[in-house]
Amino acid sequence: MISTTSSTVEMVTQGKLEINEENAEEKNAGRLGCFGWLLVIISVLFIAVTFPITLFMCVKIVKEYERAVIFRLGRISDRKPKGPGLFFVLPCTDNFVKVDLRTVSFDIPPQEILTKDSVTVSVDGVVYFRIHCPISSVANVSNAHSSTRLLAQTTLRNVLGTKNLSELLSDREGISLSMQKTLDEATDPWGIKVERVEIKDVKLPQQLQRAMAAEAEASREARAKIIAAEGEMKASRALKEASLVLAEAPSALQLRYLQTLNTIAAEKNSTIIFPLPIDTMQSFMQRKL
């Protein structure tokens with residue numbers, strides 16, 4: 001009990017220290033120092049002296065789908081991006097970075113992947129993402145778009161490497177959702193929201209395609225033979241029942257004979273074969289004997 005309590009106290013203390021460090025960093029990030037404020041005051045005085053000219057240097061415009069992250073003496077001046085519309089910057093101490101908030105799509109190049117059942121396939125896809133936190137996308141990563149592209153390629157390899165070939169061909173939607181969740185969690189510190197991931201094409205080796213085609217053809221032939229055998233069995237049963245009916249009524253055989261002659265005559269054949277009943281032949285054979 002004592003060890004458990006002490007470990008709990010240490011975890012709580014460590015958490016408080018981390019929180020205090022983060023708060024201290026945030027407070028220091030907002031401070032410019034005496035020399036920094038001196039430069040800001042000089043910049044403001046310079047603007048006041050050359051007001052009509054510096055007005056064009058101070059006023060900036062960002063579009064509806066853009067945001068501006070302002071750096072004052074190398075520090076982010078405000079924890080909220082500016083825009084859309086007009087905003088003001090100091091010409092000597094401020095610079096800003098524009099961030100596009102629109103959804104961006106890119107193609108994942110074809111990746112040679114070894115599946116779980118040791119089959120090599122080539123898979124490509126497409127990713128849709130957007131920036132939801134401009135400050136994080138500027139301050140936490142050097143190039144958010146390039147980093148997301150590289151991470152998407154490695155994530156595609158890692159996710160598909162745990163799947164069988166049958167799962168890869170049949171469960172594309174599940175694989176896309178898994179990739180989206182993994183990418184979204186990885187890029188969240190960069191201020192990026194992954195909206196959608198889609199698998200475009202899965203290319204199999206030619207030998208594997210031929211083997212799969214031969215397997216499918218063999219299975220289709222096996223099913224066709226089974227269906228034909230079942231048809232023959234049903235036909236034999238029907239013929240057996242028909243023979244029993246004809247044996248009970250000999251006149252029915254004569255009617256069937258006439259119907260067959262009618263069908264043959266309707267086809268305009270030059271030769272008509274008249275089958276003779278076996279009973280008639282048996283009567284002639286008995287007379288000869």
Side-chain angles (χ1 to χ4, degrees), residues 18-33 35-37 39-44 46-47 54-109 125-156 158-159 176-198:
E18 290 178 355
I19 293 172
N20 292 332
E21 290 177 358
E22 291 178 357
N23 293 333
E25 289 178 358
E26 291 180 357
K27 290 180 181 179
N28 293 330
R31 295 177 180 175
L32 297 177
F35 185 71
W37 282 111
L39 292 177
V40 170
I41 292 172
I42 293 174
S43 180
V44 172
F46 176 74
I47 293 172
T54 55
L55 181 63
F56 299 99
M57 301 172 60
C58 296
V59 178
K60 304 295 180 181
I61 300 174
V62 291
K63 299 178 181 178
E64 182 68 28
Y65 53 85
E66 293 178 338
R67 297 295 183 271
V69 180
I70 301 177
F71 291 88
R72 180 163 294 166
L73 297 177
R75 298 175 180 268
I76 298 177
S77 63
D78 193 358
R79 288 297 171 184
K80 184 178 180 182
K82 301 295 183 181
L86 294 172
F87 65 95
F88 297 90
V89 295
L90 299 177
C92 299
T93 59
D94 292 356
N95 61 348
F96 66 95
V97 178
K98 286 185 180 181
V99 179
D100 196 334
L101 302 183
R102 292 178 293 182
T103 299
V104 180
S105 63
F106 65 89
D107 293 328
I108 302 176
V126 60
V127 178
Y128 299 87
F129 72 96
R130 61 180 175 84
I131 296 176
H132 69 89
C133 182
I135 294 177
S136 298
S137 67
V138 173
N140 294 345
V141 62
S142 61
N143 191 334
H145 293 260
S146 177
S147 301
T148 304
R149 287 183 172 87
L150 295 176
L151 184 61
Q153 296 179 20
T154 57
T155 303
L156 180 65
N158 294 335
V159 172
S176 299
L177 292 176
S178 177
M179 283 190 58
Q180 178 185 356
K181 183 179 178 181
T182 304
L183 278 174
D184 196 17
E185 292 176 355
T187 57
D188 186 66
W190 302 342
I192 291 176
K193 172 65 177 176
V194 178
E195 296 181 343
R196 192 177 183 88
V197 178
E198 292 292 341

Note to self: Rounded at 0.5 Å granularity, tell me how far CG in L156 sits from CD1 in I108.
What the structure shows: 5.0 Å

Notebook entry, point to check: Just how far is it from atom CG of D184 to atom CG of L177, taken to the nearest 0.5 Å?
Noted result: 12.0 Å

Item checked: M179 to A152 - nearest heavy-atom pair and separation -> CE-O, 4.2 Å

Item checked: Straight-line distance of L183 CG to F129 CZ, nearest 0.5 Å -> 10.5 Å

Next item on the list: Answer yes or no for R102 and Y65: cation-pi contact, defined as NZ/CZ to six-membered ring centre under 6.0 Å and angle to ring axis within 45°.
Entry: yes

Note to self: Could you tell me if the side chain of V62 sits less than 4.5 Å from the side chain of K82, heavy atoms only?
What the structure shows: no

Margin query: Are more than 12 heavy atoms, taken from residues, nucleotides or ligands other than F71, located less than 6.0 Å from that residue's CZ atom?
Written below: yes

Checklist line | Sequence neighbours excluded, every pair satisfying salt bridge (Lys or Arg N to Asp or Glu O under 4.0 Å) that has a member inside residues 140-156 | finding: none

Note to self: Would you compute the distance between atom CG of L90 and atom CG of N95 and round it to the nearest 0.5 angstrom?
What the structure shows: 11.0 Å

Next item on the list: Kindly indicate whether the side chain of D100, heavy atoms from C-beta on, has any atom under 4.5 Å from the side chain of I131.
Entry: no

Note to self: As an exercise, state the distance from OG of S137 to NE2 of H145, rounded to the nearest 0.5 Å.
What the structure shows: 7.5 Å

Note to self: For a quick test of reading the model, state the closest non-hydrogen atom pair linking P189 to S136 and the distance between them.
What the structure shows: O-CB, 3.7 Å

Note to self: Main chain of T154, side chain of N158: is a donor-acceptor contact present, judged purely on distance under 3.5 Å?
What the structure shows: yes

Item checked: Atom pair CG (L101) and NE2 (H132), whose distance is rounded to the nearest 0.5 Å -> 10.5 Å

Notebook entry, point to check: Is the backbone of E195 close enough, under 3.5 Å, to the side chain of Q180 for a donor and an acceptor to pair up by distance?
Noted result: yes

Note to self: Can you tell me if K60 has over 12 outside heavy atoms packed within less than 6.0 Å of its NZ?
What the structure shows: yes

Check: Which pair of heavy atoms, one from F87 and one from I61, lies closest together, and at what distance?
Finding: CE2-N, 4.3 Å

Checklist line | Minimum-distance pair of heavy atoms, taken over all atoms of T103 and Y128 | finding: CG2-CB, 4.2 Å

Item checked: Given L151, T155, T182, the one that forms side-chain contact (heavy atoms from CB on, under 4.5 Å) with T187 -> L151

